[in-house]
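It should be emphasised that the depicted structure is a prediction, and the values quoted were computed from it without experimental measurement.
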Amino acid sequence: MKTIVIVGGGITGLSTAYYLHKQLKQDGTAARIVLVEASEKLGGKIRTVHREDYIMESGADSVVARKTNMVPLLEELGLQDDIVYNETGKSYIFADGELKLIPQDAIFGIPMSIESLATSMLVSAEGKVEALKDLYTPNEHFTKQDSIGHFLEAFLGEELVEKQIAPVLSGVYSGDLYELTLASTLPYLLDYKNEYGSIIQGLDAHRAKFQSGGKKFYSFRSGLSSLIDRMEEQLGEAVEFRKGTKVTHIDKLSDPAAGKGRYRLTINGSGETIEADYVVLSTLSEAAQSLLHHPELDKSFDQLRNSSLISIYIAFDISDDQLPKDGTGFITADNRELNCDACTWTSRKWAHTSASSQLLMRLFYKSTGSVYAEMVNQPEEELLQVARQDVLRSTGIDAEPLHWTVTKWDNTMPNYHIRHPQLVAALEQDMEQLYPGILLAGCSYYGVGIPDCVANGEQTAQRIAEQMAG
Ligand code: FAD
């Protein structure tokens, strides 16, 4: 009987285990599936924290509804009835000392109509005129491998990009727009530009795609960890879960030149080992790199990038009525007056997170911000005070916090730069030669969103099942 060891029990590793078990069962193939996770809990960057009536998500807080590959999985897990959608509301940008409304008829701050552009409170009259060049400037040289920042600036002008689009988009993709490709962010913008001659008009023509009744994101009644818990529960005895267990070493047991690998994984440096025919490394690339420890692979691994973020939740024992009507949060345009880069008014955006609509807020501090380097070393109590100052300056609220959680995601958020696809392709090729039977999986390579991680888990499982059958 073959043994498959999955290292890393985030959503990618769990999905790999889930689909592998399903496929092998269908094929009538018996196998031992072991999932090794360093922490005591599965989920990785999906981790729900419950405090009395409040639900806080340390990492991811929702799934984008547009990516429908999750639907069959949620049905199989019996989670459809637990789905909750985001409330639609108004988002703001904090600029010049105040909250300014982001035009509603816009996607990621990019206007979907001339009216949306004309009524923007964030851009000057000159900036609006400059953005109109989108209507009459054809695309002559941009491809999906170009940076989205340069692409947007070429047609919509510098001011609109800087004041209205970049604050939103770079928050979503946690990176500098000038270092992110169209391909890895919003590739359809190039198609629209080429087809309609204008980004704005292309978005206008496809607006139905972006207006799914406002229900763009979903979570679950008891938080996003329900997805993890239900998968673990359903896999039950079919997978050997080894939690609180770190893989520290991988040794080759056979000559990869023979085209087949067999590996020995050492656990926690304790000397305990597991032998495997297939290994899935669904950890961040840094952990995979140190386990494989090969100079050929280092050339590509060294060029993959991560960014960082501190997330701070504050729950108050006051009603969230004190926030601007229908508002769901804001993004900071520049950090001169606020330290946070964004703030979600969570109890407004996600009704399930605060059963009695008492105020729950989440503040984000990105590594690109000016205070991150200092904050990452500060104790949590001091970080809470920084966050309270930001709450006061942005909303005037000075209440005492009832609960709070601070999570530091230091250097753990993959950031796909322009060369990312080539680096991943090189790694795949090298892995096949050097470590047949070991597969890299997860957010470091194949997409950071939860649906992408699930899809990648499914593909990884498929590849192993095919190799086992062949
Ligand atoms: P991870 O979740 O990082 O899991 C890797 C696992 O490997 C970890 O559990 C780790 O402990 C384990 N591990 C590492 N080394 C070893 C070892 N040697 N031995 C054993 N185990 C090991 N995505 C969305 O779709 N929607 C969102 O709203 C969203 N918001 C986010 C907000 C934040 C603050 C962050 C950080 C991410 C967010 N994401 C969001 C992205 C998404 O959460 C991640 O990309 C995804 O969860 C990554 O899953 P993964 O399984 O690939 O990796």
*asked:* Counting only heavy atoms from other residues, nucleotides and ligands, does the tally under 6.0 Å from CD of Glu428 exceed 12?
replied: yes

*Side chain to side chain, Thr395 and Leu323, heavy atoms closer than 4.5 Å*: yes

*Stepwise side-chain contact (heavy atoms from CB on, under 4.5 Å) check, Leu182 with Gln145*: CA-CA 6 Å; Leu182 273 157; Gln145 293 317 316; over 6 Å; no

*Does Tyr196 have its ring centroid less than 6.0 Å away from the ring centroid of His206?*
yes

*Of all the heavy-atom pairs spanning Ile165 and Gly109, show the shortest one and how long it is.*
CG1-O, 3.4 Å

*Is it the case that Tyr445 and Asp452 place a side-chain donor and acceptor less than 3.5 Å from each other?*
no

*Identify the heavy atoms of Ile310 and Val406 that sit nearest to each other, and give their distance.*
CG2-CG1, 4.1 Å

*Is a side-chain N or O of Gln164 found less than 3.5 angstrom from the main chain of Val123, in a donor-acceptor match?*
no

*Between Ser116 and Pro111, is there a donor-acceptor pair closer than 3.5 Å when you use the side chain of the first and the backbone of the second?*
no

*asked:* Main chain of Lys299, side chain of Gln303: is a donor-acceptor contact present, judged purely on distance under 3.5 Å?
replied: yes

*Between Glu37 and Thr245, do the side chains contain an N or O donor and an N or O acceptor separated by less than 3.5 Å?*
no

*Could you walk me through whether Gln234 and Tyr18 pass side-chain contact (heavy atoms from CB on, under 4.5 Å), step by step?*
CA-CA 9 Å; Gln234 223 170 80; Tyr18 181 87; 3.7 Å; yes

*When you measure from the side chain of Asn456 to the backbone N and O of Gly442, does any donor-acceptor pair fall under 3.5 Å?*
yes

*asked:* Do Ile397 and Leu359 have side chains that approach each other closer than 4.5 Å (heavy atoms only, starting at C-beta)?
replied: yes

*Does Thr16 use its side chain to pair, donor to acceptor, with the backbone of Thr460 at less than 3.5 Å?*
no

*Donor on one side chain, acceptor on other, Asn306 and Glu286, under 3.5 Å*: no

*Basic-acidic side-chain contact under 4.0 Å: Lys243, Glu232*: yes

*Would you check if the side chain of Ser282 reaches a backbone N or O of Val7 as a donor-acceptor pair within less than 3.5 Å?*
yes

*Among side-chain atoms of Ser113 and Glu115, is any donor-acceptor pair under 3.5 angstrom?*
no

*Check whether any side-chain heavy atom of Trp350 lies under 4.5 Å from a side-chain heavy atom of Asp61, and answer yes or no.*
yes

_So, applying side-chain hydrogen bond (donor to acceptor under 3.5 Å, both in side chains) with Lys144, which one of Thr185, Thr181, Asp191 is it?_
Asp191

*Lys128 atom NZ: more than 12 heavy-atom contacts under 6.0 Å*: yes

_Any salt bridge linking Asp81 with Arg221? Criterion: basic side-chain nitrogen under 4.0 Å from a carboxylate oxygen._
no

*asked:* Does this structure show an ion pair linking Arg348 with Asp326, if we count only N-O contacts that are shorter than 4.0 Å?
replied: no

*asked:* Quick check for you: to the nearest 0.5 Å, what is the distance between Arg388 atom CZ and Arg393 atom CZ?
replied: 13.0 Å

*Scan residues 100-143 for pairs that pass ring-ring contact (aromatic ring centres under 6.0 Å, His included), counting only residues two or more places apart or in two chains.*
Phe142-Phe151, Phe142-Phe155

*If you round to the nearest 0.5 Å, how far is OG1 of Thr328 from NZ of Lys90?*
10.5 Å

*asked:* Return the CD1 to OG distance between Ile228 and Ser15, rounded to the nearest 0.5 Å.
replied: 7.5 Å

*Grab the two heavy atoms, one from Trp404 and one from Pro401, that are nearest each other, plus how far apart they are.*
CD1-CB, 4.4 Å

*With no hydrogens and no angle check, do the side chains of Gln459 and Tyr19 hold a donor and an acceptor under 3.5 Å apart?*
no

*asked:* Counting neighbours of NE2 on His249 that are heavy atoms of other residues, nucleotides or ligands and sit closer than 6.0 Å, is the number greater than 12?
replied: no

*Looking at Leu291 and Val247, what are the two nearest heavy atoms and their distance?*
CD2-O, 3.4 Å

_By the definition side-chain hydrogen bond (donor to acceptor under 3.5 Å, both in side chains), identify the one residue from Thr137, Asp134, Asn139 that meets it with Ser198._
Asp134

*Is there a donor-acceptor contact under 3.5 Å linking the side chains of Ser308 and Asn411?*
no

Report, one line per pair, each donor and acceptor closer than 3.5 Å where one atom sits in a side chain of residues 40-50; sequence neighbours left out.
from  : atom 1 : to     : atom 2 : distance (Å)
Lys45 : NZ     : Thr412 : O      : 3.1
Thr48 : OG1    : Glu57  : OE1    : 2.8
Thr48 : OG1    : Glu57  : OE2    : 3.4
Thr48 : OG1    : Leu224 : N      : 3.2
Thr48 : OG1    : Ser225 : N      : 2.9
Thr48 : OG1    : Ser225 : OG     : 3.1
His50 : NE2    : Ser222 : O      : 3.2

*Check whether any side-chain heavy atom of Ser347 sits under 4.5 Å from a side-chain heavy atom of Ser357, and report yes or no.*
no

*asked:* On a heavy-atom basis, which atom in Pro167 and which in Ala333 lie closest, and how many Å separate them?
replied: CG-CA, 4.5 Å

*Distance (rounded to the nearest 0.5 Å) between Gln289 CD and Leu284 CG*: 11.5 Å

_Going by salt bridge (Lys or Arg N to Asp or Glu O under 4.0 Å), name the residues that satisfy it together with Lys100, two or more places apart in sequence or in a different chain._
Asp96

*Would you mind reporting whether Met231 and Ile11 have side-chain heavy atoms less than 4.5 Å apart?*
yes

*Kindly give the heavy-atom pair with the smallest separation between Ala288 and Leu440, and that separation in Å.*
CB-CD2, 4.0 Å

*So, Thr344 side chain and Thr346 main chain: donor-acceptor pair closer than 3.5 Å or not?*
no

*So how far is it from Lys163 NZ to Met121 CE, rounded to the nearest 0.5 Å?*
13.0 Å

*Partner of Tyr372 under side-chain hydrogen bond (donor to acceptor under 3.5 Å, both in side chains), chosen from Asp410, Asn339, Asp341*: Asp410

*Would you say the side-chain atoms of Asp82 pair up with the backbone N or O of Leu79, donor to acceptor, closer than 3.5 Å?*
no

*Walk me through it: do His403 and Met56 pass the test side-chain contact (heavy atoms from CB on, under 4.5 Å)?*
CA-CA 10 Å; His403 299 289; Met56 314 183 201; 3.8 Å; yes

_Polar side-chain atom of Arg362 near backbone of Trp345 as donor-acceptor pair, under 3.5 Å_ = no

*Which value, rounded to the nearest 0.5 Å, describes the distance between Arg305 atom CZ and Leu423 atom CG?*
9.0 Å

*Given side-chain contact (heavy atoms from CB on, under 4.5 Å), test Leu74 with Tyr218 step by step and report yes or no.*
CA-CA 12 Å; Leu74 299 181; Tyr218 62 86; 3.5 Å; yes

_If only side-chain N and O atoms count, and only distance matters, is there a donor-acceptor pair under 3.5 Å linking Asp53 with Gln358?_
no

*Check: Ser62 side chain, Phe217 main-chain N or O, donor-acceptor pair, under 3.5 Å*: no

*Give a yes-or-no answer on whether the side chains of Asp390 and Tyr365 include a donor-acceptor pair shorter than 3.5 Å.*
yes

*asked:* Measuring only between side-chain heavy atoms, which start at C-beta, is Tyr188 closer than 4.5 Å to Leu186?
replied: yes

